[in-house]
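First the proteins, then the strands, lettered A, B, ... as listed; each starts at 1.
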Amino acid sequence: MLFAALRLNMKLKEKDEADPRTENNTKEGIKKEKKPKKEEAEHPVTTKKKSKEEIEAAKALKIKKKEEEEQQRWRWWEEDKYEDGVKWKFLEHRGPFFPPEYQHLPDNVNFYYNGKVVKLGLAAEEVALFFAQMLDHEYTTKDVFRNNFFKDWRKEMTLEERVLISDLNKCDFQELHTMHKEKVEARKAMSKEEKLVMKEANQKIVEEYGFCILDHHRERIGNFKIEPPGLFRGRGEHPKQGMLKKRIQSEHEWLPPAGHHWKEVRHDNTVTWLASWTENVQGSCKYVMLNPSSKLKGEKDWEKYEVARRLKSCVNGIRQQYQQDIKSKQMETRQRAVALYFIDKLALRAGNEKEEGETADTVGCCSLRVEHITLHDLLEDKECVVEFDFLGKDCIRYYNKVPVTKRVFKNLTLFMKNKEPGDDLFDRLNTCLLNKHLSSLLPGLTAKVFRTFNASITLQEQLLSPSPTSNIKKLLSYNRANRAVAVLCNHQRVPPKTFDQSMANLQSKIDGRREQLALAKSELKLAKKEVKAHSSDSKLQAVVERKKKAVQRCEEQLMKMEVQATNREENKQIALGTSKLNYLDPRISVAWCKNMEVPLDKIYNKSQRDKFAWAVDMTGADFIF
DNA sequence: CAAAATACTTAGAAACCAACGT
DNA sequence: ACGTTGGTTTCTAAGTATTTTG
């Protein structure tokens, strides 16, 4: 099998002159934190004082490294941009990293068919193991998954194997499954030293394949590892779930990666990917691209928020216009207006058409069908309510009851007239038409800009509400604002399996702390009485002070836990990460931190700070979205 | 024009890992 | 020292939007 385009840039001259800073870059990051630990491990018997010193030293080292890192950071946002379309002038990388070839199972691990041992050939065995590894997963109980798997598995079999193995239900993968589980256990149980060896080996791969040089700067690659073969895991009721996702090969499978021949080596600097291949299940293209912290991604991200801000300045006019358009004589215009009303008001996705039978049945705004909404003249004391119920991206259910204007309501009634449940609600509209209209209103405006804009403006408005005093409560208020956005964008998650348990654990901790607090309070009272009785004995006075502090500490801890409980409960089914990473202009958050005097690392972890380095650097407390 | 191909962003699940309490 | 827990990272599917093709 061939695989598509890898691009390599061979400007060796420039490479030799590569920026010396890139050399230092390799030493930062992952390696950094390891050193002090290693030393500790080597001298396990140290006095407390010494270890304290060591901790201090480690801290100082950390700060120093941080500063160094900051100095080395490529401040691309201060540079001039390239002419249109050009993404880079110099690019060099090692090509993607290929997963290891499959090795035969040990002889004592057997696959059984119809109760008898069957020694499978390499190809069939590899695919059998994919299935065996997933035996604990719900996927393997689903008919569609099983059928697709079996069909594709048989394609990998030799003629003999295919003749023999005709019924999946007669296949026994148990030994393979057990072996796999044991392997996982063994990995977990490895000693510290063994784990370190593994870690270092991985780091070596990252060092070698995980970076590229782009215009003299060393940039992290996002997915430099080629996806290993496996069984396709589509979301929801995906018709292709269980199909075999084949191994990607560059050209001659027997060649070691260093000797790979590429289908094509392209030199195209109007594009941001480093390598690409065609995936066999859906026939789509996959790309190796840079990390979110890279210039290429960051610049695009920045631009995205700038377009959203431009929308902010003209959104009133656009809203007025679509309200007008709802009255248009043109059906297409009316449908477009109502769709836009939904996209703006409810932050729905655009809703491209999808090929039927190729993917799970999900919809967005333009692809809504009659069956996805129910109209209520009156519902729960509200007039003109639209009840939405459909599966959106990733088969996440969107359920919402929304009061709309009379005009919108009337139009929806009209759009639904004489239609079957399976018919398109907006039969005259698609995303292409909608986006064409939008870009005529504002260059760069598309349907998804409304999501970005509404998400960011919501965060900004929510953060305006009166600010609490303690840091912990400030953070709760930030999380609540973040949550409001996640709700708007319908970012959901399945509650973790351990949710109820961990909630109960936290609650019992809170109860325990409450008792402790009560105790501390009564002790304080007692101590105060003592002081009164013995007219200000300085020793007793000190005891009172101590008790006071204990009460205070207890109160603080209790509050902290209570806030944590509230936060966790409110987060049960809501995922905050997606909006934080993709929809909220980071400058809003950076400015908030500055205004509130909250350290930035309380709201952004390391990779988030890296991704938003441009915003962290350029944003003052006065930023307004 | 519509369909297909391409390129890039957005998404939740799962794997991983470090800190924490016992 | 050790298992649990929750945050972080990785993985890759599933979208959006534009460009190319027929």
Side-chain angles (χ1 to χ4, degrees), chain A residues 4-5 30 33 37 44 85 87 134 137 139 184 187-189 192 195 198-199 202 206 210 222-228 230 232-236 238 240-241 245 268 270-273 276 278-279 281-292 296-297 300-301 303-304 349-355 358-360 362-367 391-396 430-436 438-439 444-449 451-452 455 486 489-494 496-499 501-502 505-506 509 564 568 571 574-583 604-608 610:
Chain A
I30 325 151
E33 265 121 328
K37 257 190 202 161
K87 305 286 168 50
M134 290 178 73
H137 203 288
Y139 272 126
V184 171
R187 194 145 33 102
K188 266 191 218 159
K192 261 191 182 150
K195 277 185 181 161
M198 293 276 282
K199 206 173 163 186
N202 278 329
V206 174
N223 55 332
F224 62 91
K225 287 182 178 164
I226 293 281
E227 293 172 21
F232 178 74
R233 299 156 85 128
R235 313 266 166 113
H238 197 116
K240 297 193 170 187
Q241 63 185 96
K245 194 172 77 168
D268 177 358
T270 66
V271 111
T272 68
W273 49 269
S276 76
T278 304
E279 167 265 359
V281 175
Q282 320 234 52
S284 61
C285 234
K286 297 238 178 173
Y287 302 89
V288 173
M289 287 186 188
L290 298 188
N291 196 66
L296 251 30
K297 293 288 184 191
K300 209 68 192 301
D301 211 33
E303 201 185 307
K304 172 179 81 184
R349 295 187 183 83
N352 282 330
E353 289 119 299
K354 304 167 79 182
E355 228 174 314
E358 296 290 300
T359 61
T362 63
V363 296
C365 185
C366 293
S367 51
L391 295 183
K393 182 177 180 179
D394 290 310
C395 290
I396 299 293
N430 60 42
T431 54
C432 235
L433 249 31
L434 177 63
N435 281 335
K436 236 173 226 155
L438 290 175
S439 71
L445 186 63
T446 62
K448 86 184 182 85
V449 178
R451 247 167 104 81
T452 312
C489 293
N490 201 38
H491 293 142
Q492 296 187 18
R493 62 166 188 172
V494 279
K497 278 187 204 107
T498 55
F499 185 86
Q501 185 56 50
S502 84
N505 288 350
L506 186 58
K509 259 197 211 164
Q564 195 186 0
R568 203 188 287 174
N571 258 350
I574 299 166
L576 300 188
T578 303
S579 49
K580 208 175 192 178
L581 228 48
N582 301 298
Y583 288 101
Y604 285 149
N605 66 33
K606 177 82 170 80
S607 43
Q608 290 164 341
D610 283 344

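- Along DNA chain B, the nucleotide nearest to K304(A) and the one nearest to N430(A) differ in position, and the one closer to the 5' end is contacted by N430(A).
- If you check every strand for non-hydrogen atoms under 4.0 Å, P292(A) touches nothing.
- In this structure, R349(A) reaches the sugar-phosphate backbone alone: every heavy-atom distance under 4.0 Å involves primed, P, OP1 or OP2 atoms, never a base.
- Nearer the 5' end of DNA chain B, as judged by each residue's closest nucleotide, is the contact made by R493(A), out of N202(A) and R493(A).
- Using a 4.0 Å heavy-atom distance criterion, A360(A) is classed as making no nucleic acid contact.
- T431(A) comes within contact range of no nucleotide atom at all, as no heavy-atom separation falls under 4.0 Å.
- At the phosphate of dA11(B), OP1 or OP2 sits under 4.0 Å from a side-chain N or O atom of Y583(A).
- Residue H137(A) places at least one side-chain N or O closer than 4.0 Å to OP1 or OP2 of dA14(B).
- H238(A) places its NE2 atom 18 Å from the P atom of dG12(B), with the value rounded to the nearest Å.
- Looking at heavy-atom distances under 4.0 Å, G222(A) makes no contact with the nucleic acid at all.
- Using a 4.0 Å heavy-atom cutoff across all strands shown, Q492(A) reaches sugar-phosphate atoms only and no base atom.
- Rounded to an integer number of Å, the gap from K393(A) NZ to dA13(B) C1' is 14 Å.
- Note: CG (L296(A)) to C1' (dA7(B)) measures 12 Å, nearest angstrom.
- By the 30° and 60° cut-offs, the orientation of the rings of W273(A) relative to Y287(A) is tilted.
- Listed pair R233(A) / dG12(B) fails the phosphate criterion, with no side-chain N or O lying under 4.0 Å from OP1 or OP2.
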Show your reasoning for whether side-chain contact (heavy atoms from CB on, under 4.5 Å) applies to K393(A) and N490(A). CA-CA 10 Å; K393(A) 182 177 180 179; N490(A) 201 38; over 6 Å; no
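- Nearest to the side-chain atoms of M289(A) among the listed nucleotides dA11(B), dA18(B), dC8(B) stands dC8(B).
- Among the heavy atoms of the strands lying under 4.0 Å from K448(A) are primed sugar atoms or P, OP1, OP2 only; no base atom is included.
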Verify side-chain contact (heavy atoms from CB on, under 4.5 Å) between T578(A) and C489(A), making sure each step is shown before the conclusion. CA-CA 9 Å; T578(A) 303; C489(A) 293; over 6 Å; no
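- Here the P atom of nucleotide dA18(B) and the CG atom of N605(A) are 14 Å apart, to the nearest Å.
- Side chains of N571(A) and L576(A) form a contact here, defined as non-hydrogen atoms less than 4.5 Å apart.
- OP1 or OP2 of dC8(B) lies within a sub-4.0 Å distance of a side-chain N or O belonging to K87(A).
- Distance, L433(A) CG to dA2(B) C1': 12 Å, rounded to whole Å.
- Note on K240(A): nothing from the nucleic acid sits closer than 4.0 angstrom, heavy atoms only.
- An OP1 or OP2 oxygen of dC8(B) is reached within less than 4.0 angstrom by no side-chain nitrogen or oxygen of K300(A).
- Within the 4.0 Å cut-off from OP1 or OP2 of dT9(B), not a single side-chain nitrogen or oxygen of R451(A) is found.
- The phosphate of dA7(B) (OP1 or OP2) has a side-chain N or O of Y287(A) nearer than 4.0 angstrom.
- Taking atom CD on E355(A) and atom P on dA4(B), their separation rounds to 6 Å, with Å as the unit.
- Note: T431(A) OG1 to R349(A) CZ = 14.0 Å, rounded to the nearest 0.5 Å.
- Using modelled atom types and a 3.5 Å distance limit, the side chains of T446(A) and N435(A) yield no donor-acceptor pair.
- Nucleic acid contact class of N352(A) (heavy atoms, under 4.0 Å, all strands): base.
- On the nucleic acid side, DNA chain C contacts chain A at distances under 4.0 Å to non-hydrogen atoms, with the end points of that region at dT5(C) to dT18(C).
- N490(A) has its CG atom 17 Å from the P atom of dT10(B), to the nearest Å.
- Counting any heavy atom pair closer than 4.0 Å across all strands shown, S607(A) reaches sugar-phosphate atoms only and no base atom.
- The ring pair (Phe, Tyr, Trp, His ring centres under 6.0 Å) test applied to Y139(A) returns H137(A), F145(A), not counting sequence neighbours.
- Mapping Q608(A) and C365(A) onto DNA chain C via the closest heavy atom, the residue that lands nearer the 5' end is Q608(A).
- Formation of a donor-acceptor pair under 3.5 Å by the K297(A) side chain with backbone atoms of M289(A) is not found in this model.
- Distance K195(A) NZ to dC17(B) C1': 9 Å, rounded to the nearest Å.
- Applying the 6.0 Å contact sphere to NZ of K195(A) captures more than 12 heavy atoms from other residues, nucleotides or ligands.
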